[in-house]
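What follows is a single structure, written as structure tokens, with notes after it.
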Amino acid sequence: MKLKQLLALLMALGLVAAACGGSDDDSSSGSDDGDTATAESSDDGDSGDDGDDGDDGDSGDDGDAMEEGAEIATDFGVTDTQIFVGINGDLSGPFAALVSEIVESQVVYWEMVNERGGIAGREVVPLVLDSGYATDKGIENFEEFAQEGDGGVVMITENTGSPITAAIAEDAADNDLLVIPLSWASLWPAEENVAILEKQTTYCIESMNGVEWLKNKVEADGKEAKLAIISRPGEYGLDGATGAQIAAEELGIEIVYNGIDQVAGDDRTAVISQLVDSGATMVWTTVTPGELADVFGQAVSQGFEADWSGNGPSFSYPALLPTDLAPLFDQYYWQSGYSVPWNGNDSEGMQELVSEMTARRPDAVLSDQYITGWIEGIMAETILTQAAENGDMTRAGVVAASQQVSIDFKGISPNQSYNGAYNDIVVRGSYIFDVDAEAFNLQPLSAGEGSSGMIPIEENYIGTVAASYQFDGPCI
Amino acid sequence: MLNISNLEVVYNEVILVLRGLSIEVPDGQIVALLGSNGAGKTTTSRAITGLLDNHEGKPTKGTVTWQGNDITHAKPSEIVKSGIAQVMEGRRCFGELTVDENLATGAFTNKSGQKKQYDLVMDLFPRLAERRKQLAGYMSGGEQQMLAIGRALMAEPKLLIMDEPSLGLAPLLVQQVRDVIKEINAAGMSVLLIEQNAMMALSIADYGYILENGKVVMDGDGQKLLADDDVKEFYLGLHQGDEEDSGRKSFKDVKHYKRRKKWAS
Amino acid sequence: MEIFIQTLAKAIALGSIYAIMGLSFVLIFKGTQVLNFAAGAISMAGALFMSILIADRGFPFLPFTNPLAPADGETAGVALWIVHLMIALILAAILGLILERVAIRPMVGQPLFSMAVITLGLEIAIRPFNLDATAITGRSVGVPWGTESWELAGAIIPKSYVAAIIAAAIAFTGVYFFYRSRFGVAMRAVAFDQEAAMAQGINVGRVFAIAWGLGAALAALGAIFFAMAPWPPAGTVSLEIHPIWIFRVLPVIILGGLDSVAGAVAGGLLIAIFEIFAGQYLSQWTNILGPGYSTIVPYIVMLVVLLVRPYGLFGTEEIRRV
Amino acid sequence: MSFGRPLLRTSYEEDAAILPTWFQKGSAIVALLLITLMALGFGPLAAFPKFLLGNTWINPVTLTIIFAIAALGINILVGVTGQVSLGHAFFMGTGAYTAVMLGGNVGDEESWKACVPFHDNLGLLESQGQCGLGLPIWIWLPASGVVAAMIGVLVSPAAVKVRGLYLAIVTVGLVFIGLHLGRMLPEWAGDFESGRKWPKLDIRLWKEEAPLVELTEDGKWFGLIHLSEEQKQFFFLFAIMLVMLWFAKNLVRSRTGRALQAIRDRDVAAEVMGVPEFKYKRLGFAISSAYAGVAGALLASYNGRVSPIDFGLLLSVDFIAILLIGGAGTIAGTMMGTVFVELLPDMVEKFTAWLASKLDAGGPVGLIANFLLTEGGEGDFGPISIATVAPGWPMSTFQWNFVIYGTLIVVFLIFEPLGLYGVWLKVRNYWKGWPFSY
């Protein structure tokens, strides 16, 4: 009896549901834009608030845009006055300290752009969501950005982390939503990932350059080049370590300890003991600063002497140079990177970044992370401008525009193009710095002095391996 | 003097256990509180000693006064300090502590008199003196009961509340507990004796209360209650007319509906 | 041989840190029946206090600076450092007292796991403050001996290892004697039977406060010695202090027995010895054991021991209903 | 049916009914109706979740449904059988990976990228390891439950030997062993952090190309009703949850359920009464793990990706929080707890964002917002900074969200230690006795 009642109820529900569904069946995507369509014409988004409930962020659908938006076609995330871009950052998780600075400088970048008149006469509004570096939260945020109504964006200008980027890559392609990942893994040139924009040097190429540079250094010091590679599990570790392996193979360096994937878990005694036993003269690391501190600190304190370097994220001067290990890092570690350090040269781009950040955020503390956010800003602006020129600021239009542009970083970082075959456009230059613990002195930007302690040795360094290596896709 | 007047206690905000209970424990007397399971005896002792909170209960009406001070909502530690100690139902010795340490916990509020009371307890219970370093958890039920009483005495109380001290003890031990109570009382301490063993309790009590459904249904001198027919029938298990058989009767013959307690009419 | 001595020293030092953390857990668990999931947050806050006192020379929102702190760019001497350590521990204890008063006291007598979840809520709530205070920069606890080490028969033994061992010895002795004091006995009574203890006039609230105060101070002590140079965060207070409490110390206290002081020390040493020696001497088998295998060694040891002795090595054999 | 006298039960059947009172029946029907209409975007009804969770509220809600299934499982183990386990994440992972192995696509030319793993260069790792068998959902979903249950049975002897908190921590070991296996076997588990991808939730008869019921594209269902992808998945998962709910409820009121509860309340006494302790503990583990396995499989499928790191200790801890906040041992409490734990962080986030948008609004809301929030300017105070990055004081909203969430857990449990179910009991008891307070 009870079961029958339940069935009857479900039937009834089905009917109601059918009725409801039928009523707004003609609006293409169900419920969400049913009510936004009515609000469409009334307000024209006067305030720049970035609350993502989007009380005034009206989104035109195709029809409206044709009538009002003059030459530029739009679909989601672009109105007559505003362009919404999404930032899916880790603002409370393990990388929060880094990412919040990256996001901050990107926000400053948009402030600057908007002051200059915006893009195609529209104000750029960054919407920021926090993923906490958790994959499902990251996916949830992506869905929010990808929605075809209020709160939807035209592109995602920052997406923290390889795992989350990998998780959303396919959906991004399905939704034609362009994504700039905060990840230098060489995963994104694959055909399916057309919507994911690889930026700057990949970990893989960085490793090739770094290992080659280390080899030259070690041999110049009169030692035999014996390489140890240590990396953590994950795309980051694998990509970096693979590049190091390729370089070692091409240059004929003996790999005396291959610690790919070995820096896992909380206790690294096994890695350290094998590293120390291996007798390596050079070490390439693809780990996190905390892991580096552990492995480096214990290996060196056990009397292990070698020249160390590693992918950019392995080392972090604000985290490691205030420690007691600072003199050891100064002595044994060479940092590798993707761009000039803060105020590291007189290029137009760097000076613009320094003056804008200093003027707008005088209390912020000196950091290289601002450069990353700035670079993402430059990329996004170039692409959106191109799309506006093309007269197509739909999501698909933005993706298409991203394949046409060459991006000029104005001396901050090697310029980048997305117009061509992967092997032709991939960025092959990286930067190598000497760690100077004495010079290290973090100050608020307004003080105008202070140093990250990263002294450039090589700018835009392209080793022989990286220069000639043929890339037909991801390294890994 | 302890005075409870019109006390109502509610558990979990819904279960009314005491419905206007009023009792008195004059100084230097032994007062017995009798009643069957669930009558509210233990609740009464919790209400006096401030332990209701642990059981989601609270007094909603009425007062408990001790030597003129209202202690209805006082904290347990304050109550112990003011001179009321209790021997809890089921002894509740700290099994992981030694006998000495158990006694030390009893003297927590009575740091100055600890030595004096300790000697007193050792005199009273020579068994404990033999086992001072033993873990309480490994002692027999009788020994644990002695420890529990001794522990309560360590606080140097003026009123001792004893909740079912005879529970689960052999008759000989019950006898011993009874003697101890008398001895304590003789030393000037008043005792509130909460018991199911009515015979034992009334035989030493100066005054007795009978509790049913959270109310006092009958009270009077210990001897008077012992002589009462209803008490005999319902609490002592003696049947009128069977007296020559001294309590031996077939339960087949018990017809409760035939006889009503007079207070229930 | 040098390798063996070095490994042993590291194992005992790590075991000492585990032991201090274990003592913190045991003290709080025994006193208040709470499995303290907020230990990570409290201990990191304690380490931060230390860092703020000695490196920043005073809290930014206070009008005065720390008059004792060493001059800029200099490290404190050992005696001065210990004074700072004491102040930091006291501040951590105060934090513990506040948390106890606000969140734990109202829960007296509630089921074990409700209390555990409360502490979990505390951990979630406090963590952002720690994250904010460390931000991106490494925060030093100003260790006077830095990365210095001694040589013993060719083996290199960092001074921090020895310091951790001494700290654990002091902590253990302190807790051992505390348990035999008047308050210690009261605390054990409360642990065994809270209501009966209340009936004896023991002020359970005060016992809770003392347990949390001491527990928090011990937690901070463990974190400060874990924030010294050779350990993973490399001489800094970092968020890595949070997970070590849950991920690495749980097997320690379970192995020793949740309510045993001696167990915390024995468990800490045993787990650390297995962990470090497995890491050192089985490393050529990594291909079979998998990367990072030494991380699960504590759990394997714990499983084996528990299947033989269900209440740990020193735990009380009694069924705790939850 | 006895209107107005909720506790009067005249037969055993009535006492053991799934929803014993007319009020419960009625509210179940109303709740179903409301949820259905809400998910269909029925204007005024959808406005409420939209306010709490934003436009894409259906995504977190769907995720909550999956968590609810797993929570039902942990309720059977912890709430009903009384065995505290922190190993639930491990069983979810087991289910997820079973589903991936069975349901993942076959590694041919035209299939998913997951079948052509990243790690094929330089011979680092086996290349074809990450492919599945391409079986349809009606095989992999039950199979993931069964496999997880079998592993649960293997673990259960520990529960007889070890009890209480000790058991809880022993099961933590499971989670770490699971994570370690994930690291050891990347060719099976995929990358440790980003894991492996796999096909979606569609219902197929066999391995054919076009699914029988489309769940991953917007479109009409059975030619009747137009639904978005999200709505389809919502209804599908909701239906699965109802089935699981029905089963769980039935279990608790059956002979088996009573045996399990007897073991919870006093295992020795239960044994003496003829309830075989080991057998029922084993059963408790098996059923609970099966729920976890199914939920894990659905989670992997819904996320489109499964990686070892997802099944860490914090996930297990979440479930304990769900049980205690909801009120252990009851199904209604479990459901309420899941909603609390899974949706509250999102709500807090939306709330602070909403507050920030009201900064210039004026009125009482604007005043409160002004008091709490700051843009960091001179003379502008308040603990919460709405600048994206705010190292130092004031802290950013993203960090405050966690502070608020943690504080809410603490405050809630202090005021209502019995959990949400306890709140409900109080309300019910109040009305039962109304107008007499006791």
Side-chain angles (χ1 to χ4, degrees), chain A residues 91-101 230-233 237 257 259-277 288-303 316-329 365 367 369 442, chain C residues 2-3 6-7 10-11 14 55 75 127-128 131-132 134-140 142-143 145-149 155-156 158 160 227-236 238-240 243-244 247-248 275-286 289-298:
Chain A
L91 297 164
S92 60
F95 300 102
L98 298 169
V99 175
S100 47
E101 292 185 344
I230 57 174
S231 82
R232 71 195 314 270
Y257 172 57
I260 287 192
D261 277 0
Q262 297 298 309
V263 183
D266 299 313
D267 185 87
R268 290 131 201 158
T269 311
V271 175
I272 296 161
S273 82
Q274 292 205 301
L275 183 65
V276 173
D277 287 349
T288 65
E291 289 160 352
L292 179 69
D294 189 15
V295 176
F296 176 86
Q298 300 211 30
V300 173
S301 72
Q302 287 183 25
S316 154
Y317 54 83
L320 296 180
L321 287 189
T323 70
D324 296 328
L325 296 180
L328 300 178
F329 277 115
V365 175
S367 164
Q369 304 309 325
L442 295 185
Chain C
E2 303 91 68
I3 300 286
Q6 244 164 253
T7 313
K10 185 179 177 188
L14 183 65
T75 45
R127 195 177 189 279
L131 177 70
D132 193 66
T134 45
I136 193 171
T137 28
R139 275 186 160 281
S140 158
V143 188
W145 48 86
T147 51
E148 290 165 31
S149 52
I156 299 165
S160 300
M228 288 180 188
W231 303 114
T236 54
S238 80
L239 284 182
E240 294 200 22
I244 184 183
F247 296 161
R248 294 170 77 175
E275 186 181 336
I276 299 296
F277 274 82
Q280 180 70 36
Y281 288 102
L282 300 179
S283 60
Q284 66 266 42
W285 306 106
T286 306
L289 299 170
Y293 64 88
S294 52
T295 307
I296 63 161
V297 167

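Here is the naming used below: chain letters follow the sequence lines, and residue numbers restart at 1 for every chain. Just so we're clear, the structure is a prediction, and the values are computed from it rather than from any experiment.
Contact count versus chain A (heavy atoms, under 4.5 Å) is highest, among C:G292, C:P291, C:G142, C:P158, for C:P291. The most heavy-atom pairs under 4.5 Å with chain A, out of C:K10, C:R127, C:E2, C:Q6, come from C:K10.
A pairwise comparison of heavy atoms in A:L325 and C:T147 identifies CD2-CG2, 3.8 Å as the closest pair. The minimum heavy-atom distance linking C:I156 with A:G303 is given by the pair CD1-N, 4.2 Å.
Looking at A:Q302, both its backbone and its side chain come within 4.5 Å of chain C, counting heavy atoms on both sides. Residue C:R139 does not touch chain A at all, counting heavy-atom pairs closer than 4.5 Å. When heavy atoms are compared at a cutoff of 4.5 Å, C:Y281 does not approach chain A at all.
Side-chain contact between A:D277 and C:Q284 is absent, with no heavy atoms from C-beta onward closer than 4.5 Å.
Checking side-chain atoms of A:Q274 against main-chain N and O of C:S283 turns up a donor-acceptor pair under 3.5 Å.
Annotation: the span from A:T269 atom OG1 to C:L282 atom CG amounts to 11.0 Å, rounded to 0.5 Å.
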